[in-house]
Amino acid sequence: MTLSTHDFAQRLSGAFSFPCTILGNRQWRTWERLIGYIESSACPSEFNNAAAYAEGYAHALADSGQIDISTDR
């Protein structure tokens with residue numbers, strides 16, 4: 001089963017919960033902007049680039065302890 005780009009972006013949108021702080025709001029806006037890039041990608045290479053940026057951002061947040069990643073998901 002393959003997801004449409006829109007469905008994939010919607011799933012990513014709710015993947016993380018950010019704290020209700022100034023930093024959390026900035027992180028959330030950045031995450032939403034990255035998801036917007038994924039959703040607006042017009043070809044597979046644009047999608048791959050946007051997804052790579054989002055993945056890198058998620059790794060950076062996890063590595064810095066800003067978000068918790070559970071293995072139960």
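Keep in mind that the numbers below use all heavy atoms, side chains included, and drop hydrogens, waters and symmetry copies.
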Distance-only donor-acceptor pairs under 3.5 Å for side chains of residues 36-45, two or more places apart:
unit_1	atom_1	unit_2	atom_2	d
Glu39	OE2	His6	ND1	2.3
Ser40	OG	Gly36	O	3.0
Ser40	OG	Tyr37	O	3.4
Ser41	OG	Ile38	O	2.7

Side chain to side chain donor-acceptor pair (under 3.5 Å) partners of Glu46, counting only residues at least two apart: none

Pairwise distance CZ(Arg33) to CZ(Arg29) - rounded to 0.5 angstrom: 8.0 Å

Taking atom CZ of Phe18 and atom CD of Glu32, what is their separation to the nearest 0.5 Å? 8.0 Å

So Trp31 and Leu12, do their side chains get closer than 4.5 Å, heavy atoms only? yes

Name all residues meeting the side chain to side chain contact (heavy atoms under 4.5 Å, CB included) criterion together with Ile22; count only those two or more places apart in sequence or in a different chain, and write none if there are none. Arg26

Nearest heavy-atom contact between Tyr57 and Gln27 is OH-CA, 3.2 Å

Answer whether the closest heavy-atom distance between the side chains of Leu61 and Phe16 falls below 4.5 Å. no

